[in-house]
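One structure is given below, encoded as structure tokens.
Values below: all heavy atoms of this structure, side chains included; hydrogens, waters and symmetry mates excluded. Numbers for residues simply follow the sequence, beginning at 1.
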Amino acid sequence: NCAALVSAPALPATTLADYCYYYMFRDCTALVSPPALPATTLADHCYYCMFLGCTSLASAPALPATTLADSCYRSMFRDCTALTLAPALPATTLASYCYAYMFYGCTSLASAPPALPATTLASNCYAYMFEGCTALVSPPALPATTLASGCYRSMFRDCTSLALPPVLPATTLANYCYDSMFRNC
């Protein structure tokens, strides 16, 4: 709730611990310059709600990790209503809830990452990821062929500007994998 904070301090760590940046900049409504986040070794809940409610944040830092942890990016940019562009998300090894709610309520987000390259998913990994992103026009490529329980649950729910759905090549499905994926689109 530091309403006057405009830029973030440097965060040079490359190996993170559980909950290390948990809610760090929550409701810092004037924050426009996020820190660089060079970490490649993540931990459970490490970036959980880090920028929640940062309503002036228009760009996201690069997120280079390729192996994720449980809930590591969960709700990271939730309700960042000025965010227009999502960072590339190169991870190929996912974990439960790793991207859940990541961009939830980012009403100015027009561009998703070009692709989410993982081919084997984890339970609820993309659940609610873009829900309420009313400016989102095109989704990322979703090449996964092996799905997990709830993996795409409500992923694009309430994305009212979404023109075309992504190709869904999966051949191995799981319970609730597509639950409400395009509800209210």
One should read off an interatomic distance between Tyr48 OH and Met102 CE, to the nearest 0.5 angstrom, of 14.0 Å
To the nearest 0.5 Å, atom CD of Glu131 lies from atom OH of Tyr101 at 7.5 Å
Self-check item: Ring-face cation of Arg78 near Tyr104 (centre distance under 6.0 Å, axis angle within 45°)
Solution: yes
Worksheet entry | Connected via hydrophobic side-chain network under 4.5 Å: Tyr99 and Leu83 | yes
Item to complete: State, yes or no, whether a side-chain contact exists between Thr67 and Leu42 at a heavy-atom distance under 4.5 Å.
Response: no
dist Cys185:SG -> Arg183:CZ (nearest 0.5 Å) comes out at 11.0 Å
Rounded to the nearest 0.5 Å, the CG atom of Leu52 sits from the OH atom of Tyr22 at a distance of 10.5 Å
Which of Asp158, Leu109, Thr107 passes side chain to side chain contact (heavy atoms under 4.5 Å, CB included) with Cys133? It is Leu109
For Pro117 and Leu89 the tightest heavy-atom approach is CD-O, 3.3 Å
Ser56 side chain to Thr29 backbone, donor-acceptor under 3.5 Å:
yes
When every non-hydrogen atom of Phe77 is compared with those of Cys106, the smallest separation belongs to O-SG, 3.1 Å
inquiry  = Taking the ring centre of each residue, are Phe103 and Phe130 less than 6.0 Å apart?
reply    = yes
Grouping I, L, V, M, F, W and Y whenever their side-chain heavy atoms are under 4.5 Å apart, do Leu142 and Tyr128 come out in a common cluster?
no
Checking Arg153 against Asn124 for the side-chain hydrogen bond (donor to acceptor under 3.5 Å, both in side chains) test, could you report, in this order, the C-alpha distance in whole Å, the side-chain angles of both residues, the deciding distance, and whether it holds?
CA-CA 7 Å; Arg153 177 178 281 139; Asn124 295 289; 3.0 Å; yes
**Q.** Cluster check Met24, Tyr19: I/L/V/M/F/W/Y, side chain < 4.5 angstrom
**A.** no
Would Tyr47 and Tyr126 show up in the same hydrophobic cluster when neighbours are defined by side-chain heavy atoms closer than 4.5 Å?
yes
*asked:* I'd like to know if the side chain of Asp18 reaches the main chain of Asp44, judged simply by a donor and an acceptor atom lying under 3.5 Å from each other, with no hydrogens or angles considered.
replied: yes
Note: Ala43 and Cys72 closest approach over all heavy atoms is O-CB, 3.9 Å
In short, Ala112 meets Leu136 closest at the heavy-atom pair N-CD1, 3.7 Å
Q.
Does Tyr178 have more than 12 heavy atoms from other residues, nucleotides or ligands lying within 6.0 Å of its OH?
A. yes
Interatomic distance, CE@Met181 vs SG@Cys159, rounded to 0.5 Å, equals 10.0 Å
query = Looking at Tyr97, does the NZ or CZ of Arg74 lie under 6.0 angstrom from its six-membered ring centre and within 45 degrees of the ring axis?
reply = yes
Smallest heavy-atom separation, Ala118 atom then Thr92 atom, equals CB-O, 3.7 Å
All heavy atoms of Pro87 vs all of Pro61, minimum pair found to be CB-O, 3.4 Å
Separation between OH (Tyr23) and SG (Cys49), nearest 0.5 Å, reads 3.5 Å
message = Tell me whether Met76 shares a hydrophobic cluster with Leu5, the cluster being built from Ile, Leu, Val, Met, Phe, Trp, Tyr side chains joined at under 4.5 Å.
response = yes
| task | State, without any angle test, whether Ser123 and Ser96 hold a side-chain donor-acceptor pair at a distance under 3.5 Å. | result | yes
Is any side-chain heavy atom of Tyr73 closer than 4.5 Å to one of Cys46? no
